[in-house]
2 protein chains.
Amino acid sequence: MRSAEFDKEKVLRSAMNAFMHKGYAKTSMQDLKKATGLHPGSIYCAFENKRGLLLAALEQYRLDRKAEFEQYFSGTQPTLDNLKAYLDNVVAECISCDSAQACLLTKALNEISDQDTEIQQIISDNLSMLQQALAEKFELAKSEKALSEQKDSDHLARYFLMGIYGLRTFAHTHPEAKVLEQLAEQLYADICA
Amino acid sequence: MRSAEFDKEKVLRSAMNAFMHKGYAKTSMQDLKKATGLHPGSIYCAFENKRGLLLAALEQYRLDRKAEFEQYFSGTQPTLDNLKAYLDNVVAECISCDSAQACLLTKALNEISDQDTEIQQIISDNLSMLQQALAEKFELAKSEKALSEQKDSDHLARYFLMGIYGLRTFAHTHPEAKVLEQLAEQLYADICA
DNA sequence: TCTCTTCTTGAATGTTCGTTCAAGATACGC
DNA sequence: GCGTATCTTGAACGAACATTCAAGAAGAGA
């Protein structure tokens, strides 16, 4: 026996970055080779093909984001404060990173959309999971009496997610902190109102 | 002398559709030939290359959308009603069309982003124009006493646009009329509140 | 009707792409 | 320390790509 020499998570995160910056179609195997340090043969051995690498990268992205999300709600602060912090982090990401630091899920969703129903389904499922997780947080906020019982948590989660999508796209044309922060502020206010 | 045989607007709208459905990178010249009915030579003669065709298509898209926008505000109804109608139309587009009927501008913005600063600039400028046009409508609504003078029209325009971006992305995973209409409803309410 | 000019056509070009595979390298079991 | 199973390497492959161009088709002017 002999085990593989590369760190799978590291490779997948490099691939994620490559896909996020150039998009799936424009990222060539040569780009992936440069990004991951793996030779084509190894990539094909480990992930079957370019599409398999994208699938694995999407799964890694899901795990990373899930861990990140849960970290935001692990403390003892009021749930709504955690939600605001989470939103502020989205804004910070939009500003700080190189301009193309979008979410891999939405980036891939926009690009692949109709052409690959399986990937489309995976992405939709992932985003639905995030939506579900958000809805649970809104339920939690209601139980903390920080949010009116009248509110529909599912609707709030959808609206919140819609806002995040919008923010990310908006950031492409207006990467100015002040403007994005103001938008996030209103989004949060409208949800808590 | 002999004039060209094809209808430039028709060709550009066909190209627009092709680019919107498959994205720029994935749309091959063969696809464009099929979509436009033009042979490669003619395309290169008229638009220099594939990128030139995208530029021309973007310009045509801008003109079409500008005309569409102005039509929504040509009547004598209150401006806010027109805005709501405009928003409802966005939602209707998200639902009715084949799932990939996004906005060419945002689609291209998401895909090309960093790789072509000239196209990035053109798209940003176009979206800024729409934002500016929206801000003027909010100003108009204020003068009609339908909106508080306290409100910042520029901010409202940005928030409205953010919502539209978000709606379009959201529609990719939830193409259900009821959900999208509910989101649009709240967006409108939050802006007018 | 003939000629000139311009447009149209689609096969050919060189390049780049995703993918394969056989040869070489390396760690593990004995 | 040897044999072997497995991983790594990178050259090679056909396919598909954007682009070119020379030959053919067709309107305009006489």
Side-chain angles (χ1 to χ4, degrees), chain A residues 1-58 104 107-108 111-119 122, chain B residues 1-58 104 107-108 111-112 114-119:
Chain A
M1 268 303 257
R2 189 189 159 195
S3 54
E5 284 177 6
F6 60 87
D7 178 344
K8 201 164 184 173
E9 286 195 13
K10 230 178 205 170
V11 162
L12 287 177
R13 294 211 183 87
S14 306
M16 262 168 41
N17 265 318
F19 284 138
M20 279 196 288
H21 278 84
K22 293 193 125 195
Y24 177 70
K26 267 272 177 183
T27 305
S28 67
M29 287 306 293
Q30 216 164 19
D31 292 331
L32 290 170
K33 179 188 161 190
K34 222 176 289 177
T36 64
L38 257 55
H39 290 251
S42 301
I43 293 179
Y44 279 82
C45 179
F47 306 105
E48 197 179 344
N49 52 25
K50 186 182 167 186
R51 183 173 175 276
L53 181 56
L54 175 64
L55 286 172
L58 282 171
L104 178 61
K107 177 108 181 169
E111 178 178 351
I112 296 174
S113 220
D114 286 313
Q115 306 164 58
D116 192 319
T117 54
E118 191 193 342
I119 290 183
I122 290 172
Chain B
M1 268 302 256
R2 189 187 157 197
S3 54
E5 285 177 4
F6 62 87
D7 177 347
K8 202 164 184 174
E9 288 196 11
K10 230 177 205 170
V11 162
L12 288 177
R13 294 210 182 88
S14 306
M16 262 168 40
N17 266 318
F19 285 138
M20 279 196 289
H21 276 85
K22 293 193 126 197
Y24 177 69
K26 266 273 177 183
T27 304
S28 67
M29 288 305 293
Q30 216 164 17
D31 292 330
L32 290 169
K33 178 188 160 189
K34 221 176 288 178
T36 62
L38 257 54
H39 290 252
S42 300
I43 292 178
Y44 279 81
C45 179
F47 306 105
E48 197 178 343
N49 53 24
K50 187 181 165 184
R51 184 172 175 277
L53 181 55
L54 174 65
L55 286 172
L58 281 170
L104 178 61
K107 178 106 183 172
E111 180 178 350
I112 297 173
D114 287 311
Q115 309 163 56
D116 191 320
T117 54
E118 190 192 343
I119 290 183

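Throughout, a chain's letter reflects where its sequence line sits, starting with A, and its residues are numbered from 1. Keep in mind that the numbers below use all heavy atoms, side chains included, and drop hydrogens, waters and symmetry copies.
Rounded to whole angstrom, the span from the CZ atom of A:F47 across to the P atom of C:dG18 amounts to 16 Å. Computed from coordinates, the A:Q30 CD to C:dG18 C1' distance equals 11 Å when rounded to whole Å. Whole-Å rounding puts the B:Y24 OH to D:dA18 P distance at 8 Å. One atom, CZ of A:R51, and another, P of C:dT19, lie 11 Å apart when rounded to the nearest Å. Put simply, CZ on B:F6 is 11 Å from P on C:dT9, counting in whole angstrom units. Regarding A:M29, its CE atom lies at a distance of 16 Å from the P atom of D:dA11, rounded to whole Å. Taking atom CD1 on B:I43 and atom P on D:dA18, their separation rounds to 10 Å, with Å as the unit. Rounded to an integer number of Å, the gap from B:K26 NZ to D:dC17 P is 8 Å.
Relative to the six-membered ring of A:F19, A:K50 misses at least one condition, a distance below 6.0 Å or an angle of at most 45° to the axis.
A salt bridge does not link A:K107 with A:E111: none of the charged nitrogens is closer than 4.0 Å to a carboxylate oxygen.
Shortest non-hydrogen contact noted between B:H21 and A:D114 is CD2-OD2, 4.5 Å. In this structure, B:S14 and B:A35 approach most closely via the heavy-atom pair CB-O, 3.3 Å.
Side-chain contact check for B:L53 versus B:L12: some heavy-atom pair is nearer than 4.5 Å. B:E48 has its side chain out of reach of B:L55: every pair of non-hydrogen atoms, C-beta onward, lies at least 4.5 Å apart. With a 4.5 Å cut-off on side-chain heavy atoms, A:T27 and A:L54 do not count as touching. Counting only heavy atoms from C-beta outward, the side chains of B:L32 and B:F47 never approach each other to under 4.5 Å.
Checking the phosphate oxygens (OP1, OP2) of C:dT19, a side-chain nitrogen or oxygen of A:Y44 falls inside 4.0 Å.
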Review item, nucleotides 10-14 of chain C N/O atoms under 3.5 Å of protein N/O:
| residue | atom | partner | partner atom | Å |
| --- | --- | --- | --- | --- |
| C:dG10 | OP2 | B:H39 | ND1 | 3.3 |
| C:dG10 | OP2 | B:H39 | NE2 | 3.3 |
| C:dG10 | O6 | B:G41 | N | 3.3 |

Using the 3.5 Å cut-off, write out each protein N or O paired with an N or O of nucleotides 13-16 of chain D and the distance between them.
none

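Checked by atom type, the side-chain pair B:S28/B:D31 shows a donor-acceptor distance below 3.5 Å.
Residues A:D31 and A:E48 both approach DNA chain C. Their nearest nucleotides, taken by heavy-atom distance, put A:D31 toward the 5′ side.
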